[in-house]
Number of protein chains: 2
Amino acid sequence: MKVDTGASADSQAVPHKGRPREFCVDAALAAALRVFWSKGYEGASMADLTEAMGITKPSLYAAFGNKEALFNKALDLYEREKLDYMQAALAAPTARGVAERLMRGALDMYTCPENPNGCLGVIASVACGAEAECIRQAVLERGAAAKRAMLDRLVRAKEEGDFPEDTDPEGLAAFLMAVNQGMSVQAGAGATRAELERLVETSLKLWPGR
Amino acid sequence: MKVDTGASADSQAVPHKGRPREFCVDAALAAALRVFWSKGYEGASMADLTEAMGITKPSLYAAFGNKEALFNKALDLYEREKLDYMQAALAAPTARGVAERLMRGALDMYTCPENPNGCLGVIASVACGAEAECIRQAVLERGAAAKRAMLDRLVRAKEEGDFPEDTDPEGLAAFLMAVNQGMSVQAGAGATRAELERLVETSLKLWPGR
DNA sequence: TATATTATATACCAGTCGTTATGAAAGTTG
DNA sequence: CAACTTTCATAACGACTGGTATATAATATA
């Protein structure tokens, strides 16, 4: 297991000693993310990855360590660039605003033609068999953290009077995650944007309180 | 590609000509289902399958054709034995009864200790990369049929006055499927029965009409 | 008992998996 | 120019993939 090379920073600032690399690390990582996102962790072969990234296998191993390390960095990138709607949702003033921003953000994410279909977290957590258990655990960890953040936000919302008295914030947090995960599955199954919009509108209409 | 041997019927009724097989086809298929259910289509290797089924590879190929045919038969078995709560739900007298039976049936299915975690349909449709596209299509086909049946049922429910006037049956059908898929994802992620119960109770409380 | 038919077990196929050893190429530094 | 360092491309590694050829064992039929 190699140490992290700190590849995320742009390496063009200070000229290195040896032969300079001929590819952009960030662009290669973005390409790798697309592959993992499309095919899952185990479904993405090194041949798929190197072809999409435009580099050879030794270059990949030198720059990113191994497949698992590459996936984790791709997962970081995914969370940073594609899951920003989550934090934006949590910042909404009311619980209804949280739900609305979350669902509409997810809708835009899932239906953006630039993106592969579905949610990388769902794909990787569901499609992880056998020896890639640590990958699964890493993905589940992030999902659990997201749910915890949502739960905290909804608990606060209840204290602020956003819900009727008999509302269960834990149930609602699980509910929001479930609708989001369901959207991911249906998007992966080829649902149209119009179909997902109806799902979002229906879910928001059912959402309780303000 | 061999022709179907009609292995579903119990072959002990009439003695065959050659050497009799030493394993029960139905039991082997049930074992194969558990493997596919746990690991997905591509995640389940022939070695996994033969070991769980207690037979050798040539026996498997002779009895079931190949991996794809085996999966399709396992999928039939799954739908027949594990998805019966779907039809039971559709037979409920009111839309609320449909939602209730569906969610509680799914809850029981996902939390039964005998079963692997999650829904085989979700697992196989999400975790199908590359060349197993026909498997994915077959699974998606069944999911689409299930949603269509649900939509028909909810349209009828609206005609029967189970919903407020401004209710969108299509959105509600997608909603029911989404909650179910979300339950599958969360069950696969290791959610406890108590957590899923709260999700079900919350969703049912939000369900509109009677 | 002899023959036909089917299932079994062993070993093997070509291909792919993730990973790495090897040597040449391309830079910086003395 | 000659070290030195790092990346490059080629090729290979052992392990595993889905799928079979072959030979033997077990039954029914004649």
Side-chain angles (χ1 to χ4, degrees), chain A residues 1-3 5-7 11-25 28 32 35-36 39-72 74 127-135, chain B residues 1-7 11-25 27-28 32 35-36 39-72 74 127-135:
Chain A
M1 183 83 60
K2 285 205 170 183
V3 296
T5 58
S11 54
Q12 304 300 348
V14 167
H16 265 60
K17 271 196 293 188
R19 175 175 176 174
R21 60 164 47 101
E22 301 174 353
F23 64 95
C24 170
V25 173
V35 177
F36 282 127
K39 309 191 155 195
Y41 176 71
E42 296 187 316
S45 70
M46 296 303 293
D48 294 329
L49 290 165
T50 52
E51 182 187 352
M53 300 165 80
I55 63 178
T56 61
K57 283 194 270 189
S59 297
L60 190 155
Y61 277 84
F64 299 100
N66 59 12
K67 190 184 179 183
E68 179 182 339
L70 175 63
F71 178 85
N72 280 114
C128 240
E131 90 294 1
E133 186 63 20
C134 51
I135 288 290
Chain B
M1 183 84 60
K2 284 204 169 182
V3 296
D4 187 11
T5 58
S11 53
Q12 304 300 346
V14 166
H16 265 60
K17 270 196 296 190
R19 173 176 178 175
R21 59 163 49 100
E22 301 174 353
F23 64 94
C24 170
V25 173
V35 176
F36 283 128
K39 309 189 155 195
Y41 177 71
E42 295 186 317
S45 71
M46 297 303 293
D48 293 330
L49 291 164
T50 52
E51 182 186 353
M53 299 164 82
I55 63 179
T56 60
K57 278 194 279 185
S59 297
L60 188 155
Y61 276 84
F64 300 100
N66 59 14
K67 189 183 180 184
E68 179 181 339
L70 175 61
F71 178 84
N72 281 115
C128 239
E131 90 293 3
E133 186 63 20
C134 51
I135 288 290

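A note on names: the letters A, B, ... follow the listed sequences, proteins ahead of strands, and every chain is numbered from 1.
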Rounded distance (Å) that lies between atom [atom2] of [N] and atom [atom1] of [X]:
X        : N       : atom1 : atom2 : answer
Lys67(B) : dT17(D) : NZ    : P     : 9 Å
Glu42(B) : dT17(D) : CD    : C1'   : 11 Å
Leu60(B) : dG18(D) : CG    : P     : 11 Å
Phe71(B) : dG19(D) : CZ    : P     : 14 Å
Lys57(A) : dA11(D) : NZ    : P     : 13 Å
Leu70(A) : dC17(C) : CG    : P     : 15 Å
Leu49(B) : dT17(D) : CG    : C1'   : 12 Å
Phe64(B) : dG19(D) : CZ    : C1'   : 16 Å

Using the side-chain heavy atoms of [X], tell me which of these nucleotides is nearest: [options].
X        : options                   : result
Phe23(B) : dT8(C), dG18(C), dC12(C)  : dT8(C)
Met46(B) : dC17(C), dG18(D), dG18(C) : dG18(D)
Arg21(A) : dG18(D), dT19(C), dT7(D)  : dT7(D)

With a 4.0 Å cutoff (strictly under), does any side-chain N or O of [X] reach OP1 or OP2 of [N]?
X        : N       : answer
Ser59(B) : dA7(C)  : no
Ser45(A) : dC17(C) : yes
Tyr61(A) : dT20(C) : no

Which pair of heavy atoms, one from Asp48(B) and one from Gly43(B), lies closest together, and at what distance?
OD2-O, 3.7 Å
Atom pair CD/OG1 of Glu22(A) and Thr56(A) - distance to nearest 0.5 Å
9.5 Å
Nearest 0.5 angstrom please: Leu49(A) CG to Lys39(A) NZ, how far?
9.0 Å
Check whether any side-chain heavy atom of Asn72(B) lies under 4.5 Å from a side-chain heavy atom of Ile135(B), and answer yes or no.
yes
Is there a donor and acceptor pair closer than 3.5 Å between the side chain of Arg19(A) and the base of dT6(D)?
no
Hey, which of these two, Glu22(B) or Lys17(B), hits DNA chain C nearer its 5' end, going by closest nucleotide?
Lys17(B)
Note: for Gly18(B) and Pro58(B) on DNA chain C, the residue whose nearest nucleotide lies more 5' is Gly18(B)
Honestly, is Lys67(B) close enough over Phe36(B), meaning NZ or CZ under 6.0 Å from the six-membered ring centre and within 45° of the axis?
no
Take Ile55(A) and Pro20(B), find for each the nucleotide of DNA chain D with the closest heavy atom, and name the residue whose nucleotide sits nearer the 5' end.
Ile55(A)
